[in-house]
Number of protein chains: 2
Amino acid sequence: MTGQRRVIARVLSDADDHPDVEELYRRASALDSRVSVATVYRTVRLLEEKGILERRDFGGGRARYEATEHGRHHYHLIDVDNGKVIEFEDPEHEELMRRVAERLGFDFVSMRLELFGKKRPQTQQAGKTAQAAKRKGAAS
Amino acid sequence: MTGQRRVIARVLSDADDHPDVEELYRRASALDSRVSVATVYRTVRLLEEKGILERRDFGGGRARYEATEHGRHHYHLIDVDNGKVIEFEDPEHEELMRRVAERLGFDFVSMRLELFGKKRPQTQQAGKTAQAAKRKGAAS
DNA sequence: ATAGCTGCAAACGCTTTGCCTCGAA
DNA sequence: TTCGAGGCAAAGCGTTTGCAGCTAT
């Protein structure tokens with residue numbers, strides 16, 4: 001394992017948001033200026049194949065990544081005004097979809113679910129989820 | 001309105017599947033060899049802006065289109081083995097997601113839901129939905 | 001006649017890849 | 001020393017666009 005791969009892996013495991021390749025490249029470059037975008041692409045693909053990382057597509061043309069969560073799945077709510085991503089759980093959901101697939105004569109393989117919303121301005125009791133999201137830069 | 005736009009519009013309204021631009025171009029060319037891909041792209045974008053058409057992204061890099069349905073929404077189950085798309089309804093779903101958004105302090109704007117599955121081989125009682133899907137070529 | 005549409009090919013944005021060098025083991 | 005990893009730049013892919021000519025109205 002080389003230095004650049006180590007750096008990229010570190011950036012990825014440190015990230016608690018959903019960076020795209022450009023952002024990963026930026027963060028990795030800050031730690032070690034020798035990394036190139038090509039290596040970020042290659043590393044990210046490698047880690048995805050190993051199941052360590054998951055590629056997400058929130059629209060907007062670029063892939064975004066997050067560490068694979070073993071256990072509870074979560075879904076994403078994208079703020080249409082600023083692209084920020086809020087994670088949420090919905091335990092019943094997968095079971096529901098599993099039944100739908102079954103009803104259609106299919107075995108459930110996976111699903112993709114994204115919610116798009118606008119922050120409700122009036123009631124400010126959004127809770128810590130929104131607060132946590134607010135801390136990061138644009139498009140977490 | 002020119003001939004090529006008419007042809008493309010016709011191909012689109014005739015389609016009961018989810019063609020991508022390449023496929024639309026193929027079908028339109030068969031009716032009128034004067035159409036170009038650029039025009040297909042332009043027309044499809046135009047119709048989407050007018051709300052007549054909806055762009056879908058089922059993964060695989062290319063956009064796919066279907067006529068806007070006024071009224072009941074539907075979702076898509078993609079057969080991972082051959083890319084075929086089966087539509088299904090789930091009336092409660094949107095209401096469910098609307099509540100999730102609300103709980104997070106957001107107004108629901110839209111959602112994206114895709115199911116990926118493998119056709120179950122044993123029980124052959126899949127029903128007409130699967131039958132209907134079977135009639136079309138690859139990737140409906 | 002004229003505003004708008006079309007075809008063609010070039011340009012674009014993201015991602016991949018060929019090739020040759022470099023570095024880890 | 002050897003073989004995989006990395007850098008760079010070119011290529012690839014779907015999509016968009018500039019430009020000049022053509023077409024409905």
Side-chain angles (χ1 to χ4, degrees), chain A residues 1-13 15 17-50 52-66 78 83 85 112 114 138-139, chain B residues 1-13 15 17-50 52-66 78 83 85 112 114 138-139:
Chain A
M1 165 161 288
T2 62
Q4 27 274 75
R5 207 172 270 191
R6 211 186 318 276
V7 169
I8 295 170
R10 164 152 252 281
V11 165
L12 281 164
S13 69
D17 51 354
H18 307 77
D20 56 26
V21 168
E22 189 187 336
E23 177 62 23
L24 289 173
Y25 174 55
R26 191 184 347 263
R27 295 183 194 176
S29 296
L31 300 183
D32 182 344
S33 60
R34 295 171 315 170
V35 305
S36 72
V37 233
T39 300
V40 177
Y41 274 108
R42 282 194 269 237
T43 304
V44 125
R45 176 212 268 256
L46 192 76
L47 295 177
E48 195 199 351
E49 283 166 0
K50 292 198 171 186
I52 296 170
L53 218 58
E54 284 180 7
R55 186 203 306 248
R56 302 284 180 201
D57 170 21
F58 297 154
R62 35 231 295 163
R64 299 172 62 170
Y65 295 87
E66 68 180 326
I78 294 98
V85 176
R112 190 157 94 177
E114 273 108 46
Chain B
M1 165 160 288
T2 63
Q4 26 273 74
R5 208 171 271 192
R6 210 186 319 276
V7 168
I8 295 169
R10 165 153 251 279
V11 165
L12 282 164
S13 68
D17 51 353
H18 308 76
D20 57 24
V21 168
E22 189 187 337
E23 178 62 23
L24 289 173
Y25 175 54
R26 194 185 343 265
R27 295 182 194 176
S29 296
L31 300 183
D32 182 345
S33 60
R34 295 173 314 171
V35 305
S36 72
V37 233
T39 301
V40 176
Y41 274 107
R42 282 193 271 239
T43 304
V44 125
R45 175 211 269 254
L46 192 77
L47 295 177
E48 195 199 350
E49 283 167 359
K50 291 197 169 184
I52 295 170
L53 218 57
E54 283 179 8
R55 186 202 309 245
R56 302 283 182 202
D57 170 20
F58 296 154
R62 34 229 297 163
R64 299 174 60 169
Y65 296 87
E66 70 180 326
I78 293 98
V85 176
R112 191 157 95 177
E114 273 108 45

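Source: prediction; values computed, not measured. Here is how names work: the chains are called A, B, and so on, in the same order as the sequence lines, proteins then strands, and each is numbered from 1.
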Determine, for [X] against [Y], whether the closest basic-nitrogen to carboxylate-oxygen distance falls under 4.0 angstrom.
X	Y	value
B:Arg56	B:Asp20	no
B:Glu48	B:Arg45	no
A:Glu66	A:Arg64	no

Task: Within 6.0 angstrom of B:Arg10 CZ, more than 12 heavy atoms from elsewhere - done: no

Open item on the list: Classify B:Val35 by what it touches in the nucleic acid, base, sugar-phosphate, or nothing, heavy-atom distance under 4.0 Å.
Closed with: sugar-phosphate

Please give, in whole Å, the distance from [N] [atom2] to [X] [atom1]?
X	N	atom1	atom2	value
A:Arg55	C:dT16	CZ	C1'	11 Å
B:Arg26	D:dG14	CZ	P	12 Å
B:Met1	C:dG4	CE	C1'	13 Å
B:Glu23	D:dT15	CD	P	14 Å
A:Leu46	D:dG6	CG	P	9 Å
B:Phe58	D:dG14	CZ	C1'	17 Å
A:Arg64	C:dT15	CZ	C1'	17 Å
A:Arg6	D:dG6	CZ	P	11 Å

Checking contacts here: which listed nucleotide ([options]) is nearest the side-chain heavy atoms of [X]?
X	options	answer
B:Arg62	D:dC8, D:dT15, C:dA9	D:dT15
A:Tyr41	C:dT15, C:dT17, D:dT17	C:dT15
A:Val21	C:dT15, C:dC8, D:dA9	C:dT15
A:Thr39	D:dG6, D:dC8, C:dC8	D:dG6
A:Arg5	C:dT17, D:dG6, D:dT16	D:dG6
B:Gln4	C:dT6, D:dT15, C:dC8	C:dT6
A:Arg42	D:dC8, C:dC8, C:dT15	D:dC8

Open item on the list: Under 4.0 Å from OP1 or OP2 of C:dT6: is there any side-chain N or O of B:Thr2 that close?
Closed with: yes

Task: D:dT17 phosphate, OP1 or OP2, under 4.0 Å from B:Arg45 side-chain N/O - done: yes

Open item on the list: If we check side chain to side chain contact (heavy atoms under 4.5 Å, CB included) with B:Thr43, which of these qualifies: B:Val35, B:Val7, B:Thr2, B:Ile8?
Closed with: B:Ile8

